[in-house]
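In what follows, every chain begins at residue 1, and chains take the letters A, B, ... in the order their sequences are listed.
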There are 2 protein chains.
Amino acid sequence: MAAKSEPRGAEETRAGDVLHRMRLDIISCALKPGTRMRFETLKELYAVSFSTLREALQRLVAEGLVVSEGQRGFMVAPLYLSDLQDLTNVRVLVDQECIARSILHGDDDWEAQIIAAFHRMDRLKARLNDLYFMSDEWAVLHGDFHRSLVSACQSPTLLDFRDKLFQRAHRYRRMSCQFRTKWRPKDVEHRTLMETVIARDAPAAKNLIERHIRETTENVIQNAGQFLSTEPTAFPGIIKSMAAE
Amino acid sequence: MAAKSEPRGAEETRAGDVLHRMRLDIISCALKPGTRMRFETLKELYAVSFSTLREALQRLVAEGLVVSEGQRGFMVAPLYLSDLQDLTNVRVLVDQECIARSILHGDDDWEAQIIAAFHRMDRLKARLNDLYFMSDEWAVLHGDFHRSLVSACQSPTLLDFRDKLFQRAHRYRRMSCQFRTKWRPKDVEHRTLMETVIARDAPAAKNLIERHIRETTENVIQNAGQFLSTEPTAFPGIIKSMAAE
DNA sequence: GATAGTCACATTTTCGAAAATCCTTAGAAT
DNA sequence: ATTCTAAGGATTTTCGAAAATGTGACTATC
């Protein structure tokens, strides 16, 4: 796992660096879903103090990657089937909108970045035949490609939300890899997606991205659905009412 | 402002309590947008230590109510015209979806809660004639009403996102109140909205909520648009060399 | 006059000890 | 056997001092 590495932190502050490393460890499932995060352990893992850890943890709570249980510490957010399904539906909505807006606003440079991202992803896949999708590097390039599609949507708020959804969904994909029995070929889909987006065919692109997201989820459920907890009662942090009293 | 009050915190942890109070102070504009948050000041205001403050601040950064500037501390997130417009568009998308899903899934109890929320809001408005919309209590009841409309949408992720958007938007409404020159009557809209939702007319409800959100934003811009900064390119990728001077 | 370097001060950020809280076990009472 | 209470240890949470960093003023040099 990435923990304790990165000697020269690109982050500006130590808490930011820990946040970055912790997030990576959680979405890569190096920190396993549902495990309690004891401070003594974390302190050793990331080599920082209590307070600094807490800062990072609070951010991760807000991102939905960690849950805090009252005064009983923190734990890596569990993986629920119901959460995966919820996530899938919301991602379809958001990604469809982002793609449509990108098609509307994107310029030549946007198209170029999509083609570049696809190329990088495609070449890595050729180099790492068969088990390419288990490598960390492919996860990065695959994420970059999908982001390039939506990057011209002109909405920081929507884009930020999309990224968080993508990260949360990545944990399920990651878990599914370990138990995979079969894997459908997605490379054709990616190419079609790219071509459709660059052809500025918004309705077709929306259909494609929806199919892509939903089929991936189905794949995850087939591979690892039995390992997902089915406790659906968890309604994450809901902010009640507003304003003072 | 709510700061330093609430002697017996309903929150489980002190950091959670400070987070709650700070959030209230920010969305009510008691902490003015764009002001730097010095720790010495905050420590006195909220009567907690540095580390506890930082925990709350990190959460607020993730919620978009506070921005952190490298090693130069934190500041209350500024109010930008471009952010308001972005926020408006995203809120339309999300609220429309939430309402449609609520209409699909809502039961009798959901309808009852809508009616109850509307009634509370309506009666308060009758009691506080004219300047009702400046009171904190009305902000709460108005927020509760809008939330009741979408509360049956069956998606924790979407609902949570919606709440954060609503809070961010509330700061703009709040600011606009202070400079208001005119205010359009929204009470009729609210009633129509309620009736349409309970009549399960999804397309009509989606139209109404879109109009409601967009017109409110237009109202805010007319009242206080001149006080909103137009500074940031707001797009991380576009260089702001032009605005720089 | 403008630029670079240096120092003192203000502010933020980090740390680990101390306080608060939770959890487990043991023993007693019903 | 079950429930309740107490004590002890384990863990989290909070605090303020100490370290790190940014800021601004002043001087020296070109």
Side-chain angles (χ1 to χ4, degrees), chain A residues 3-23 25-26 31-32 34-62 65-78 237, chain B residues 2-23 25-26 31-32 34-62 65-78 244-245:
Chain A
K4 213 164 195 177
S5 64
E6 293 184 311
R8 32 184 41 263
E11 299 292 334
E12 301 169 316
T13 186
R14 198 175 282 254
D17 180 46
V18 172
L19 168 64
H20 186 69
R21 283 151 58 198
M22 243 179 178
R23 183 160 40 208
D25 289 340
I26 291 176
L31 291 176
K32 296 213 179 74
T35 53
R36 281 202 59 191
M37 310 174 86
R38 291 209 181 69
F39 278 91
E40 220 50 61
T41 313
L42 294 178
K43 202 178 144 180
E44 191 187 331
L45 254 178
Y46 296 97
V48 288
S49 67
F50 298 117
S51 324
T52 307
L53 280 170
R54 295 194 120 251
E55 281 186 46
L57 285 168
Q58 295 282 10
R59 280 278 283 265
L60 293 169
V61 167
L65 296 176
V66 164
V67 293
S68 82
E69 335 172 50
Q71 310 230 49
R72 266 164 286 174
F74 300 81
M75 90 176 173
V76 184
Chain B
K4 212 162 193 177
S5 65
E6 293 185 310
R8 30 184 45 262
E11 300 291 333
E12 301 169 316
T13 186
R14 201 177 279 255
D17 180 47
V18 172
L19 168 65
H20 185 70
R21 283 151 57 198
M22 245 179 176
R23 182 158 42 207
D25 289 340
I26 291 176
L31 291 175
K32 295 212 179 75
T35 53
R36 282 202 56 187
M37 310 173 87
R38 292 208 180 71
F39 278 92
E40 219 49 61
T41 313
L42 293 179
K43 203 177 142 179
E44 192 188 329
L45 255 179
Y46 296 97
V48 287
S49 67
F50 297 118
S51 324
T52 307
L53 280 170
R54 296 194 120 250
E55 281 187 47
L57 285 168
Q58 295 283 11
R59 279 278 286 264
L60 293 170
V61 167
L65 296 175
V66 164
V67 294
S68 82
E69 336 172 50
Q71 308 231 50
R72 266 165 286 173
F74 301 81
M75 92 176 171
V76 184
E245 179 268 340

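B/R23 is listed as a side-chain neighbour of B/L60, based on a closest heavy-atom distance under 4.5 Å. Inter-residue side-chain proximity for B/L45 and B/D25 is flagged as unmet; no heavy-atom pair is nearer than 4.5 Å.
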B/S/- contact track for nucleotides 11-21 of chain D, protein heavy atom under 4.0 Å: SSSBBBB---S
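Shown here for A/A15 and A/T52, the closest heavy-atom pair between the two residues is CA-CG2, 3.7 Å.
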Under 3.5 Å, which donor-acceptor pairs do the side chains of residues 67-76 of chain B form with other protein atoms, sequence neighbours left out?
from  : atom 1 : to    : atom 2 : distance (Å)
B/Q71 : NE2    : A/E12 : O      : 3.2

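Between B/D17 and the options B/R21, B/R14, B/H20, a side chain to side chain donor-acceptor pair (under 3.5 Å) holds for only B/R21.
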